[in-house]
Structures are given as C-alpha cells and as structure tokens.
Amino acid sequence: MSGIEQARKTAEGLEHSAGFGNQHSSEAVPGALPHGRNSPQRAPLGLYAEQLSGSAFTEPRAHNRRSWLYRIRPSAAHPPFRRIDNGTVRTAPFTESVPDPNRLRWDPLPEPAPGTDFLSGLWTLGGNGDAALRSGMAVHLYHANTAMTDRVFSDSDGELLIVPEQGGLLLRTELGLLRAEPGHVALIPRGVRFRVELLDATARGYVCENYGQPFVLPELGPIGANGLANARDFLAPVAAYEDVERPVEVVNKFCGNLWSATYDHSPLDVVAWHGNHTPYVYDLHRFNVIGSISYDHPDPSIFTVLTSPSDTPGLAGVDFVVFAPRWLVGEDTFRPPYFHRNVMSEYMGLIEGAYDAKTAGKGGFVPGGGSLHNMMSAHGPDRETFDRASSAELKPQRIDDGLAFMFETRWPVTATGQAATAGHLQHGYDDVWQGLSRNFRP
C-alpha cells in the first residue's frame with residue numbers, strides 16, 4: 001500500500017470533538033486521563049503530565065488558552081536544536097523590500113521539485129509586524145508532492161491557518177488527527193507539533209501565520225445569536241498517539257528562523273489530553289452567509305469567519321474572510337463588490353471556480369493565485385465585470401461557482417524579495433481597470 005493510500009485509509013472515518021473554544025477532553029487508552037486533578041503525583045499508565053500554554057497564565061479566563069497533555073515522554077527530553085537553512089520561509093519584520101502601494105497579483109506557485117514536503121514547500125509572500133513582539137501576520141503559500149516522513153514541525157512564532165486549494169492533507173498533530181480537503185481550513189495553534197501527509201499526489205494552498213492574539217469567532221452584534229461560522233462546525237481531534245523509537249527530525253520555527261533537533265522517538269506521543277489549546281478543521285461550505293435582502297452590497301466584514309483581535313476594539317490584527325456560495329437579490333444594486341479604498345490591507349486567494357469581481361482564465365484571477373491590495377490602494381471590479389454587472393437584469397442570482405477568501409490586516413503587507421521578483425508575478429495587473437470609460441453626462 002502506497003503512502004497516499006495509507007494516509008487516505010487513516011483519514012477515513014476520523015472521529016472528532018465538536019465546538020470552537022470548548023474545553024475538550026480525549027483519551028486514546030481508557031484510564032489515561034486523570035480525573036479530579038491535572039498533575040497527580042503519578043500520572044495514569046506511567047505517562048508524563050505536561051501543560052501547553054498558548055496564553056499567559058494570568059490572561060482573563062475567556063482569553064486563556066491551555067491544554068494538559070499526558071504523554072509517553074515529556075517534551076523536555078530532547079537534544080539541543082541547531083540552526084538550519086530557512087529555505088523559502090521568511091518572517092516579520094520584512095525588510096527585503098519596501099511596502100508597495102501598487103496593486104499586485106500572482107499566478108499559482110509552479111510545480112514543486114520532486115521530494116518536496118509541506119515544510120520545504122512553504123513559500124513566504126509577505127506580511128507585517130514583528131514575530132518576536134507577537135504582532136502582525138505573514139502570508140505563505142505551499143506546494144508539496146511528498147509526505148513529511150519522520151519529520152515534525154512546530155511554530156513558536158504564531159498559529160497557522162492552512163487553506164488547501166489542491167489536494168487533501170492528513171494532519172497528524174500532538175492532540176490527534178485531522179483531515180483537511182480543499183474547501184476546508186485547518187487551524188494549528190502556536191507551538192503544537194504536527195506532520196503533514198498527502199491524500200493526493202500533489203497538494204497546494206495558502207497559509208496565514210498569525211503572530212498576534214489567537215483567532216476567535218467574531219462578535220455577532222445586531223446579527224444576534226446565530227450566523228456566520230457556527231462554533232459547533234469546528235472539529236477538534238481526538239487523542240491518537242505514536243509510540244515509535246526511531247530518529248525523528250523536529251523542526252521549530254523560532255523568531256523567524258528554523259531550528260532542528262533529531263529525537264530518538266516521535267513527539268506525537270500524547271495518549272490523552274484536555275483543554276482548549278487545540279487544532280481545528282472547518283468546512284467553509286458550512287458558513288452561514290448573511291447578506292442584504294433589500295439593496296446595496298454589504299461590507300466584506302459580514303463574511304468574517306475568524307478574527308485576531310488587537311488592542312483597538314473592532315480593528316483586527318488579521319481577519320479571515322470567505323466569499324462562499326450565496327444568493328444576490330439586491331434591488332437597483334451593483335451586485336459585485338464595489339470600487340473601494342480601504343485603511344486595511346487585503347490579500348485575496350481563490351480556492352475554486354471564479355470570483356464575481358474578477359475575470360478568470362489565463363492571466364486573470366485563478367485558483368491557487370492571489371492578489372494584494374495594500375491600504376488605500378484603489379481596487380474593485382475589473383472593466384469586464386463592471387460592464388456586465390451595470391447592465392445585468394436584476395433577478396435573484398445564485399453565486400455558487402466559486403470559493404474565494406481574504407486575509408485582511410490592519411497594517412500594510414510588505415512583499416518578500418522572492419515575491420516581488422517571482423516569475424509568477426503578473427505584470428500589467430493594472431490593465432484590468434483600463435477602458436473604464438467616462439460616462440458622465442452633465
């Protein structure tokens with residue numbers, strides 16, 4: 001049985017624990033989880049008790065993130081880490097180039113070289129802030145054609161929101177297994193170790209690395225108690241452990257650099273756990289779209305799935321926004337997204353199909369590609385879309401042939417040197433707005 005076939009068999013019928021932000025608990029072996037206390041004098045079954053803290057001990061209860069892990073060996077049992085090459089991974093502060101006010105768009109990453117796994121296939125497009133100060137974010141893309149065999153990754157700089165666009169992923173984490181297919185997102189908290197196996201011959205997608213406060217569900221305000229992403233649709237893993245004694249490379253991203261240590265065992269050896277610092281997977285097709293049923297196009301904030309709050313209420317370090325299938329019914333309304341200049345900066349990607357404000361096809365906005373509109377850069381529908389939407393018959397319209405998303409952030413996104421000079425950077429992106437003629441008739 002091939003590695004892909006084995007991964008697919010493993011991914012079939014995975015069990016989960018539902019609910020975003022819940023205090024989950026799980027044990028792979030009955031009796032492994034202690035009751036009535038977190039750190040008994042002797043943990044059950046000869047395991048080691050260990051707390052993984054994703055927040056400061058003294059943060060408010062509602063913000064506190066931590067999980068207790070009961071593992072075969074403690075995480076402290078490892079040799080020293082050593083610096084390794086960062087490859088195509090970059091981290092804030094981004095100083096290779098200057099922030100660019102121009103509108104930028106990229107085609108998908110080219111095919112990866114043979115033997116490229118998820119980690120070696122990470123390619124940083126840009127970002128903002130400072131990872132060491134736990135502020136800001138980075139946009140990465142990934143392409144891979146092989147599994148991370150005997151290799152494990154953890155990110156001390158931030159949490160990772162993985163957005164598959166091509167090919168399914170089997171994520172083996174310390175807390176259990178998750179399956180993420182195109183149309184899903186997977187959230188790996190800061191510091192959680194994981195390995196990525198492929199469910200198809202190749203995989204491609206996007207990653208948002210969030211250095212700031214952990215993602216939470218946005219407040220609903222006047223919407224009420226229901227809508228947008230429902231907490232119960234986020235699925236956490238159940239305990240599943242590896243008990244192997246062979247060399248395993250553990251790579252840690254720390255303050256922008258990659259560090260490696262070779263363990264004599266797998267660190268994915270957690271037999272039981274409980275807490276709320278946990279990975280999740282979420283199906284974007286379950287997003288409950290809220291929109292206008294009278295007139296005008298709502299602001300894109302109405303499509304927010306997850307948000308990383310900042311010190312200013314309502315101003316996110318980064319929002320994750322999805323443009324999911326929905327009905328458009330607005331009367332006397334220009335239905336695609338309107339022309340716009342925004343104090344926030346927007347990176348947009350496409351998972352499947354076409355986006356209703358941009359022309360698809362070669363040289364256009366295509367799945368696996370992305371566009372960057374930094375703060376106050378003017379953008380909106382291209383000329384072809386404007387002409388079509390301005391004269392369309394306004395009958396109820398179902399938008400169901402595409403799935404797009406946006407990483408929206410409070411600061412400008414500075415492109416990396418490799419992104420600013422990439423062969424798949426589209427030249428002449430500005431041309432899509434040429435030909436928007438003067439229609440003014442006093």
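Basis for what follows: all heavy atoms, side chains included, without hydrogens, waters or symmetry-related copies.
Electrostatic pairing of Glu249 and Arg195 does not count as a salt bridge here, judged by no charged N lying under 4.0 Å from a carboxylate O. The residues Asp319 and Arg410 are annotated as not salt-bridged, no charged nitrogen and carboxylate oxygen being separated by less than 4.0 angstrom. Using a cutoff of 4.0 Å between basic side-chain nitrogens and carboxylate oxygens, Arg65 and Glu59 are not scored as salt-bridged.
Contact of the Thr414 side chain with the Val98 side chain is not registered, since no non-hydrogen atoms from C-beta on lie closer than 4.5 Å. Counting heavy atoms from C-beta outward, Arg172 and Glu197 have side chains that approach closer than 4.5 Å. A 4.5 Å side-chain heavy-atom check between Val89 and Lys253 finds at least one atom pair inside the cut-off. Looking only at side-chain heavy atoms (C-beta outward), Leu161 and Tyr280 stay at 4.5 Å or farther from each other. The closest side-chain heavy-atom distance from Ser25 to Trp273 is not below 4.5 Å. Here the side chains of Arg82 and Ile84 are in contact, with some heavy-atom distance below 4.5 Å. Residues Val250 and Arg193 meet the side-chain proximity criterion, which asks for heavy atoms closer than 4.5 Å. Side-chain contact between Leu199 and Leu169 is absent, with no heavy-atom pair separated by less than 4.5 Å.
Residue Tyr347 comes nearest to Gly370 through the heavy atom pair OH-CA, 3.5 Å, listed as atom of the first residue, atom of the second, then distance. In terms of heavy-atom proximity, Pro108 sits nearest to Arg204 at CB-NH1, 3.4 Å. Contact between Phe215 and Glu159 at its shortest, heavy atoms only, is N-OE2, 2.6 Å. In terms of heavy atoms, Trp106 sits closest to Leu104 at CH2-CB, 3.7 Å. Between Thr278 and Ser67, the shortest heavy-atom contact is N-OG, 4.5 Å. Residues Pro298 and Phe303 approach most closely at CG-CZ, 4.5 Å, considering heavy atoms.
Counting heavy-atom neighbours within 6.0 Å of Gln51 CD, excluding the residue itself, gives a total above 12.
Side-chain atoms of Glu408 and Asn342 include a donor-acceptor pair closer than 3.5 Å. Looking only at atom types and distance, the side chain of Ser437 has a donor-acceptor partner in the side chain of Asn439 under 3.5 Å away. A donor-acceptor pair shorter than 3.5 Å can be found between the side chains of Asp117 and Ser120. Side-chain atoms of Asn128 and Thr409 form a donor-acceptor pair, as typed in the model, at a separation below 3.5 Å. Between Asn22 and His24, the side chains place no donor N or O within less than 3.5 Å of an acceptor N or O (distance only, hydrogens not considered). In summary, the side chains of Glu346 and His379 do present a donor paired with an acceptor at a separation below 3.5 Å, with no hydrogens or angles considered. Using a 3.5 Å distance cut-off with no hydrogens or angles, the side chains of Asn145 and Thr202 do not pair a donor with an acceptor. Counting only N and O atoms by type, the side chains of Ser135 and Asp130 include no donor and acceptor under 3.5 Å apart. Between the side chains of Gln213 and Ser308, no donor-acceptor pair is found at a separation under 3.5 Å. Side chains of Tyr338 and Asp299: a donor on one and an acceptor on the other come within 3.5 Å.
Cation-pi check for Arg103 over Trp433 is met; the charged atom lies under 6.0 angstrom from the ring centroid and within 45 degrees of its normal.
Not a single donor-acceptor pair under 3.5 Å links the side chain of Arg134 to the backbone N or O of Tyr211. At distances below 3.5 Å, at least one donor-acceptor pair connects side-chain atoms of Asp155 with backbone N or O atoms of Asp157. Of the possible polar contacts, none joining the Asn210 side chain to the Leu160 backbone as a donor-acceptor pair under 3.5 Å is found. Asn230 places no side-chain N or O within 3.5 Å of a backbone atom of Asp233 that could act as its donor or acceptor partner. When atom types are taken as modelled, the side chain of Asp296 and the backbone of Ser292 share no donor-acceptor pair closer than 3.5 angstrom. Thr116 places no side-chain N or O within 3.5 Å of a backbone atom of Gly121 that could act as its donor or acceptor partner. A donor-acceptor distance shorter than 3.5 angstrom exists from the side chain of Thr304 to the backbone of Ser301, with no hydrogens or angles considered. Under the 3.5 Å distance criterion, the side-chain polar atoms of Arg190 are matched with a main-chain donor or acceptor of Ser156. Formation of a donor-acceptor pair under 3.5 Å by the Tyr206 side chain with backbone atoms of Phe405 is not found in this model. At distances below 3.5 Å, at least one donor-acceptor pair connects side-chain atoms of Gln418 with backbone N or O atoms of Thr124.
Ring pair Tyr48/Tyr70: centre-to-centre distance not below 6.0 Å. Taking the six-membered ring where the residue is Trp, the centroids of Phe254 and Phe81 are separated by 6.0 Å or more. Between His424 and Trp123, the ring centre distance stays below 6.0 Å.
Taken from CG in Asp107 to CG in Leu425, the straight-line distance is 9.0 Å, to the nearest 0.5 Å. The distance from atom CE of Met344 to atom CE of Met376, rounded to the nearest 0.5 Å, is 11.0 Å. Ser55 contributes atom OG, which lies 7.5 Å from atom CG of Asn276 (distance to the nearest 0.5 angstrom). Interatomic distance, CZ of Arg326 versus CD1 of Ile290, reported as 12.5 Å (0.5 Å rounding). Atom CG of Asn86 sits about 5.5 Å away from atom CZ of Arg83, to the nearest 0.5 Å. Taking CH2 of Trp327 as the start and CZ of Arg335 as the end, the distance is 10.0 Å to the nearest 0.5 Å.
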Run Leu328 and Ile399 through side chain to side chain contact (heavy atoms under 4.5 Å, CB included) and show every step you take. CA-CA 7 Å; Leu328 301 180; Ile399 301 291; 3.6 Å; yes

Pair Phe320-Val163, side chain to side chain contact (heavy atoms under 4.5 Å, CB included): steps then yes or no: CA-CA 10 Å; Phe320 174 62; Val163 186; 4.2 Å; yes

Evaluate Leu394 against Glu331 for side chain to side chain contact (heavy atoms under 4.5 Å, CB included), listing each step before the verdict. CA-CA 7 Å; Leu394 292 182; Glu331 299 176 337; 6.0 Å; no

With salt bridge (charged side-chain N to carboxylate O under 4.0 Å, His left out) as the test, would you mind laying out the steps for Glu174 and Arg71 before giving the verdict? CA-CA 9 Å; Glu174 289 183 271; Arg71 56 194 321 144; 2.9 Å; yes

Walk me through whether Asn374 and Ser377 qualify under side-chain hydrogen bond (donor to acceptor under 3.5 Å, both in side chains). CA-CA 6 Å; Asn374 263 323; Ser377 67; over 6 Å; no

Leu175/Val270 under side chain to side chain contact (heavy atoms under 4.5 Å, CB included): CA gap, chis, key distance, verdict: CA-CA 6 Å; Leu175 285 75; Val270 176; 5.6 Å; no

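Residue Tyr282 is tested with Phe287, Phe234, Phe20 for a ring pair (Phe, Tyr, Trp, His ring centres under 6.0 Å); the sole match is Phe234. Test Arg66, Glu50, His274 against Asn38 for side chain to side chain donor-acceptor pair (under 3.5 Å) and you get one pass: His274.
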